[in-house]
Amino acid sequence: MPSAANSTKDLRGPVYVHPGTPPQLARLVAVHETVEGILESKGMPYPQAHEIATQAEKAAVERA
């Protein structure tokens with residue numbers, strides 16, 4: 001299944017969100033990808049970074 005969003009491991013790298021994603025949802029997905037990318041760039045394994053990023057995304061959803 002193609003991914004709807006991805007980040008780079010470069011802290012200054014872009015976050016890619018599929019252009020068909022509704023803007024409000026895209027902002028929330030970008031939170032996840034940004035957190036995940038930062039943690040992975042610092043050496044954290046993907047599963048752990050993904051879990052923390054999911055928690056950050058959930059918090060962003062709840063604030064929205």
Side-chain angles (χ1 to χ4, degrees):
M1 179 171 144
S3 180
N6 287 297
S7 63
T8 66
K9 289 184 175 62
D10 176 0
L11 288 176
R12 295 179 183 207
V15 171
Y16 298 99
V17 179
H18 187 279
T21 305
Q24 184 177 15
L25 181 57
R27 286 189 291 276
L28 299 170
V29 172
V31 168
H32 177 105
E33 294 300 330
T34 300
V35 170
E36 191 174 78
I38 289 169
L39 295 174
E40 285 186 284
S41 74
K42 294 180 181 231
M44 184 177 286
Y46 171 78
Q48 187 178 2
H50 179 73
E51 180 60 35
I52 293 169
T54 299
Q55 293 170 13
E57 182 180 1
K58 181 180 179 197
V61 168
E62 290 170 349
R63 283 190 303 272

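Counting from 1, the numbers follow the sequence of the chain as shown.
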For the student: nearest non-hydrogen atoms of E36 and A49, plus distance: O-CB, 4.0 Å
List the atom pairs, with distances to 0.1 Å, where a side-chain N or O of residues 54-61 and a protein N or O form a donor-acceptor pair under 3.5 Å, not counting sequence neighbours.
from: T54; atom 1: OG1; to: H50; atom 2: O; distance (Å): 2.8
from: Q55; atom 1: NE2; to: E51; atom 2: OE2; distance (Å): 3.2
from: E57; atom 1: OE1; to: H32; atom 2: ND1; distance (Å): 3.0

Non-neighbouring partners of I52 that pass side-chain contact (heavy atoms from CB on, under 4.5 Å), sequence neighbours left out: V35, L39, M44, Q48
Other cluster members, Y46 - Ile/Leu/Val/Met/Phe/Trp/Tyr, side-chain contacts below 4.5 Å: none
